[in-house]
There are 2 protein chains.
Amino acid sequence: MENFDTVSLSFCGGTHNHKNCVTTALDEAEQLCISRGVRLTDARKRVLELVWDSHNPIGAYDVLSKLSQESGKTAPPTVYRALDFLLEQGLIHRIESLNAFVGCSHPKEEHSGLFLICKDCGCAAEVHDAVIDKTILNKTDALGFKAEQRVLEVRGLCPDCVA
Amino acid sequence: MENFDTVSLSFCGGTHNHKNCVTTALDEAEQLCISRGVRLTDARKRVLELVWDSHNPIGAYDVLSKLSQESGKTAPPTVYRALDFLLEQGLIHRIESLNAFVGCSHPKEEHSGLFLICKDCGCAAEVHDAVIDKTILNKTDALGFKAEQRVLEVRGLCPDCVA
DNA sequence: TTCGTTTTGTTATGTTATAACATTTACAAC
DNA sequence: GTTGTAAATGTTATAACATAACAAAACGAA
Ligand SMILES: [Zn+2]
Ligand SMILES: [Zn+2]
Ligand SMILES: [Zn+2]
Ligand SMILES: [Zn+2]
């Protein structure tokens with residue numbers, strides 16, 4: 001897996017070209033869905049695009065209102081269905097402590113990320129660390145607990161906001 | 001801090017005397033609140049007791065309905081205020097992935113636990129591990145992120161249910 | 001084209017949480 | 001013990017998040 005140390009959190013600053021993030025994410029999503037034989041329909045693609053609108057997690061109802069603005073009246077199930085699909089395909093992540101969703105920056109492999117959420121600017125950086133994964137798994141194994149999913153979210157101040 | 005390896009998860013089995021858990025938790029809560037100069041009122045104490053009714057996280061509205069049964073009509077703010085107080089005092093924890101609350105088994109010291117949540121029986125074991133804490137903190141520090149709160153929840157099967 | 005499956009539309013409702021303001025209670029100062 | 005003040009609770013309403021149930025449309029294989 002890519003070393004995220006080198007890129008992580010850089011996006012909080014707003015110094016990057018975010019259009020690249022969106023384009024890359026959508027392209028990868030297209031490819032992945034084709035390779036998996038699942039359909040990235042217009043509705044799903046549009047929701048993915050809206051989630052990728054920024055690196056800040058977005059709530060389902062915020063997606064809904066944007067969708068309603070551009071497409072006329074839209075109902076919650078439309079959004080939740082698309083979000084569920086994107087979650088299943090690993091194209092987005094749910095941030096449990098915010099009831100919100102954020103694009104996954106490397107959806108090709110299954111993973112549980114560590115999310116660093118800035119209290120100030122609201123950005124959420126997805127980080128990966130094999131040592132963390134291993135440490136937690138060691139612990140659960142030692143206790144005889146069969147781990148299946150993991151939620152790891154840290155709230156605080158990102159480097160840009162702490163400065 | 002106590003070594004939780006020796007006791008953790010034992011409570012999932014139902015083999016323990018849970019009245020001891022409740023009594024201990026309430027006694028400790030009383031003492032802590034006195035020493036901190038905050039008031040563990042009847043309402044707050046009763047909510048704490050209801051949360052401690054089992055080791056399974058309980059939703060605010062489940063607390064509410066139990067409260068309504070015994071005290072007549074009760075409104076959500078009553079419950080949420082008590083829960084907020086108990087959270088502030090570290091007497092309970094919120095399980096983000098369940099929107100539910102569970103008693104803290106060692107409220108004397110500030111801590112972020114690791115919660116092992118069984119998909120089958122619903123129990124949530126609070127575990128502590130200095131290595132995990134350190135590993136995560138190392139990572140956030142290395143990234144220049146100032147960590148303040150942490151959510152770490154693992155879903156899976158507890159030893160009793162995996163067997 | 002036809003059939004079965006997947007996706008979307010639509011309506012209604014369930015679940016979780018808070019805002020705003022009135023009332024009561026606790027407690028210390030006088 | 002009255003009074004002032006702050007903390008806690010009561011009450012009403014509503015916001016925010018999520019799903020159930022069923023109908024209609026789109027898709028894709030036979
Ligand atoms: Zn970006
Ligand atoms: Zn990811
Ligand atoms: Zn117990
Ligand atoms: Zn605890």
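Residue numbers begin at 1 in each chain, while the letters A, B, ... track the order of the sequences.
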Under a 4.0 Å heavy-atom criterion, the protein footprint on nucleotides 10-18 of chain C, written with B, S and -, is BB----BBB

Separation of D:dC17 atom P from B:Glu96 atom CD, nearest Å, is 13 Å

B:Arg44 CZ to D:dG10 P, in whole Å, measures 11 Å

Counting N and O atoms only, with roles assigned by atom type, does the side chain of B:Arg94 sit under 3.5 Å from a partner on the main chain of B:Leu87, one being a donor and the other an acceptor?
no

To the nearest angstrom, the CG-P distance between B:Leu64 and D:dT9 comes to 15 Å

Problem set entry | N/O (side chain, A:Thr74) to phosphate O (OP1/OP2, C:dG9) under 4.0 Å | no

Separation of C:dG9 atom C1' from A:Asp42 atom CG, nearest Å, is 16 Å

Here the distance between atom P of D:dG10 and atom CZ of B:Arg46, to the nearest Å, is 15 Å

A:Ile58 CD1 to D:dA16 P, in whole Å, measures 15 Å

Is any side-chain N or O of A:Arg39 closer than 4.0 Å to OP1 or OP2 of D:dC27? no

Any donor-acceptor pair under 3.5 Å from A:Glu153 side chain to A:Ser97 backbone: yes

Contacts satisfying side chain to side chain donor-acceptor pair (under 3.5 Å) that involve residues 77-90 of chain B (not counting sequence neighbours) are B:Arg36-B:Gln89

**Asked** Is there a donor in the side chain of A:Gln149 and an acceptor in the side chain of B:Lys119, or the other way round, less than 3.5 Å apart?
**Response** yes

From CG of B:Leu86 across to P of D:dT9 the rounded distance in Å is 11 Å

A:Asn56 side-chain N/O to A:Cys121 backbone N/O, donor-acceptor pair under 3.5 Å: yes

Quick one: sort the A:His93 and A:His111 rings into parallel, tilted or perpendicular, breaks at 30° and 60°. perpendicular

